[in-house]
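All figures in this text were calculated on a predicted structure; none of them were measured in a lab. The chains referred to below are lettered A, B, ... by the order of the sequence lines, with proteins before strands, and numbering in each begins at 1.
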Number of protein chains: 2
Amino acid sequence: MLLRLYSRMAMLDVMSSTPFGVLADPARRRILDLLRDRPRLVGELTAAVGLSQPGTSKHLRVLREAGLVTVRPDGQRRWYELRPEPLAEIDEWLTPYRWMWSERFDALERHLDTMDDA
Amino acid sequence: MLLRLYSRMAMLDVMSSTPFGVLADPARRRILDLLRDRPRLVGELTAAVGLSQPGTSKHLRVLREAGLVTVRPDGQRRWYELRPEPLAEIDEWLTPYRWMWSERFDALERHLDTMDDA
DNA sequence: GTTGTTCATGCTCTTGCGGTTATATAGCCG
DNA sequence: CGGCTATATAACCGCAAGAGCATGAACAAC
């Protein structure tokens with residue numbers, strides 16, 4: 001029972017695994033994309049990602065511990081639903097870069113390069 | 001032996017994988033953050049990330065192969081500069097999620113939940 | 001109860017990452 | 001030339017991630 005508590009604490013600890021690492025796996029990105037429409041059962045997700053059911057469950061665990069999905073038990077089945085909040089961290093990291101790949105950036109860069117030459 | 005070659009090719013293949021995988025490592029994110037200001041030498045980056053010089057070079061290789069940085073040789077030194085274009089892929093993936101963590105989303109969700117109850 | 005279904009967990013195996021040290025390569029300087 | 005500096009590559013190691021398979025746990029249905 002105490003052991004149970006500890007493993008739960010370890011789980012919470014792993015929660016601090018950043019969303020960047022979570023999104024590194026394409027299967028997990030695919031799962032999130034599917035959950036964007038509506039909550040889904042593990043069986044659905046398993047079929048969609050083309051992995052074994054245990055494999056899918058493992059990815060779902062990672063997503064859960066990162067706070068990217070929540071589970072709603074329904075009898076023997078489990079509805080997984082998206083919880084997008086942790087994605088905000090990625091969005092924030094991306095923010096100072098976002099302006100850079102626009103055409104205006106190219107123009108500005110050329111301008112600055114020209115000034116450097118002078 | 002041929003097998004070994006194939007596995008090596010697979011390695012390189014994975015190395016040049018998606019920007020998601022590249023950003024999974026905090027050292028690489030840190031490098032990109034530093035390059036946002038200006039191009040930098042390997043030595044600078046090594047000191048900043050607190051890794052060994054070869055370790056830093058390895059991360060730089062990954063970033064290079066993902067197209068996130070370019071190198072400009074200058075004598076025996078190398079200026080690494082940011083090339084943010086590949087980050088657009090992440091930005092695009094994020095797009096359909098971005099509205100979701102706003103307050104308007106919470107309000108809408110509450111509204112929909114209310115409708116479910118009725 | 002028994003059987004079937006749905007999902008999670010445990011185990012094992014392999015692979016690849018991220019880190020180190022040692023070495024090679026290339027350019028600078030005296 | 002020889003020695004110093006800056007960077008890349010090679011060789012190696014530890015470990016965790018990801019996959020499969022087998023099993024367990026919980027619930028449903030009969």
Side-chain angles (χ1 to χ4, degrees), chain A residues 1 3-4 6-8 10-11 13-31 35 39-66 69-81, chain B residues 3-31 35 39-66 69-81:
Chain A
M1 166 186 0
L3 204 86
R4 188 94 188 111
Y6 281 160
S7 77
R8 177 133 196 92
M11 268 182 46
D13 208 27
V14 175
M15 268 238 237
S16 69
S17 122
T18 137
F20 293 96
V22 174
L23 289 196
D25 190 286
R28 289 194 289 259
R29 291 199 301 277
R30 177 122 174 78
I31 289 177
L35 294 183
R40 311 235 183 204
L41 297 172
V42 178
E44 283 183 80
L45 297 171
T46 296
V49 300
L51 289 181
S52 64
Q53 174 266 315
T56 306
S57 274
K58 190 182 152 199
H59 283 299
L60 287 172
R61 176 184 189 146
V62 175
L63 290 166
R64 237 186 300 134
E65 290 171 350
V69 300
T70 56
V71 203
R72 188 163 48 84
D74 169 25
Q76 53 182 335
R77 298 175 300 175
R78 318 241 152 179
W79 292 99
Y80 276 86
E81 30 195 313
Chain B
L3 206 86
R4 188 95 189 110
L5 173 63
Y6 282 159
S7 80
R8 173 133 199 91
M9 290 170 61
M11 259 185 55
L12 292 178
D13 209 28
V14 169
M15 284 244 230
S16 65
S17 81
T18 94
F20 292 96
V22 175
L23 289 197
D25 190 283
R28 288 194 289 260
R29 291 199 300 276
R30 176 124 175 76
I31 290 177
L35 294 182
R40 311 236 182 203
L41 298 172
V42 178
E44 283 183 80
L45 298 171
T46 297
V49 300
L51 289 180
S52 65
Q53 173 266 314
T56 306
S57 274
K58 275 174 69 172
H59 282 301
L60 287 171
R61 176 183 187 149
V62 174
L63 289 166
R64 238 185 299 132
E65 289 171 350
V69 299
T70 57
V71 203
R72 187 164 47 85
D74 168 26
Q76 53 183 338
R77 297 174 301 176
R78 315 245 154 169
W79 292 99
Y80 275 85
E81 31 195 313

Visitor: Looking at DNA chain D, which of residues 48-58 of chain A put a heavy atom within less than 4.0 Å of it?
Guide: A/Leu51, A/Ser52, A/Pro54, A/Lys58
Visitor: Who pairs with B/Arg78 by side-chain hydrogen bond (donor to acceptor under 3.5 Å, both in side chains), at least two apart in sequence or on another chain?
Guide: none
Visitor: Check the distance between C/dG16's P and B/Asp25's CG and give it to me in whole angstrom.
Guide: 18 Å
Visitor: D/dA8 C1' sits how many Å from B/Arg64 CZ, rounded?
Guide: 8 Å
Visitor: Work out which heavy atom in B/Ala66 is nearest to a heavy atom in B/Val22; give both atom names and the distance.
Guide: CB-CG2, 3.6 Å
Visitor: Measure from CG on B/Leu45 to C1' on D/dA8 and round the result to the nearest Å.
Guide: 15 Å
Visitor: Got a sec, which residues hit side-chain contact (heavy atoms from CB on, under 4.5 Å) with A/Arg29, two or more places apart in sequence or on another chain?
Guide: A/Leu23, A/Pro26, B/Thr18, B/Phe20, B/Trp93
Visitor: As a test of reading the structure: which of C/dT9, C/dG19, C/dC7 is closest to the side chain of A/Arg61, going by heavy atoms?
Guide: C/dT9
Visitor: What integer distance in Å separates A/His59:NE2 from C/dT9:P?
Guide: 15 Å
Visitor: Write out all pairs satisfying salt bridge (charged side-chain N to carboxylate O under 4.0 Å, His left out) with one or both partners inside residues 39-51 of chain A, taking only residues at least two apart or from two chains.
Guide: A/Asp37-A/Arg40, A/Arg38-A/Glu44, A/Arg40-A/Glu44
Visitor: Quick one: A/Arg40 CZ to C/dC7 C1', roughly how many Å, whole number?
Guide: 18 Å
Visitor: For C/dA8 and A/Tyr80 - does any side-chain N or O of the residue sit under 4.0 Å from the phosphate oxygens OP1/OP2?
Guide: yes
Visitor: Separation of B/Leu60 atom CG from C/dG19 atom P, in whole Å?
Guide: 12 Å
Visitor: Considering only heavy atoms from C-beta outward, does the side chain of A/Lys58 approach that of A/Leu51 to under 4.5 Å?
Guide: no
Visitor: Within this structure, what is the CG-to-P distance between B/Leu41 and C/dG27, rounded to whole angstrom?
Guide: 16 Å
Visitor: Atom pairs, N/O to N/O, protein against nucleotides 24-29 of chain D, distance under 3.5 Å?
Guide:
{"residue": "D/dC27", "atom": "O2", "partner": "A/Gln76", "partner atom": "OE1", "Å": "3.3"}
{"residue": "D/dA28", "atom": "O4'", "partner": "A/Gln76", "partner atom": "NE2", "Å": "3.3"}

Visitor: For A/Thr70, what residues pass the side-chain contact (heavy atoms from CB on, under 4.5 Å) criterion, not counting sequence neighbours?
Guide: A/Glu81, A/Arg83
Visitor: Given atom CG of A/Leu63 and atom C1' of C/dC7, what is their separation to the nearest angstrom?
Guide: 16 Å
